[in-house]
Amino acid sequence: MIRVVLAAGAAYVLGAKAGRGRYEQIRKTAAAVAGSPATKKVIEVIRQKLSDSLNTQPRLEPMKPIDDETQLYIPQDQLRKG
């Protein structure tokens, strides 16, 4: 929502300085870029990566079972490599 307000404000300022024709050109270009499938895909990928990096639940890997009913788990980032 904030991006929309900032984009509208920037378009207004640039359009006011350059005239109505330039404003319409900027507005149409911005709308075309925002509606582009490539832009939507990039935003989707960025959101997913951000969501993954902000996930507070650690990814757990099973360790050696204690018995038939008890399984220990350890976060992936604490696994020893090698």
Student: Just how far is it from atom CG of Leu54 to atom NZ of Lys49, taken to the nearest 0.5 Å?
Tutor: 14.0 Å
Student: Does Arg47 come within less than 4.0 Å of Glu44, counting only side-chain N to carboxylate O?
Tutor: no
Student: Would you name the heavy atoms of Thr39 and Val33 that are closest together and state the gap between them?
Tutor: OG1-O, 2.7 Å
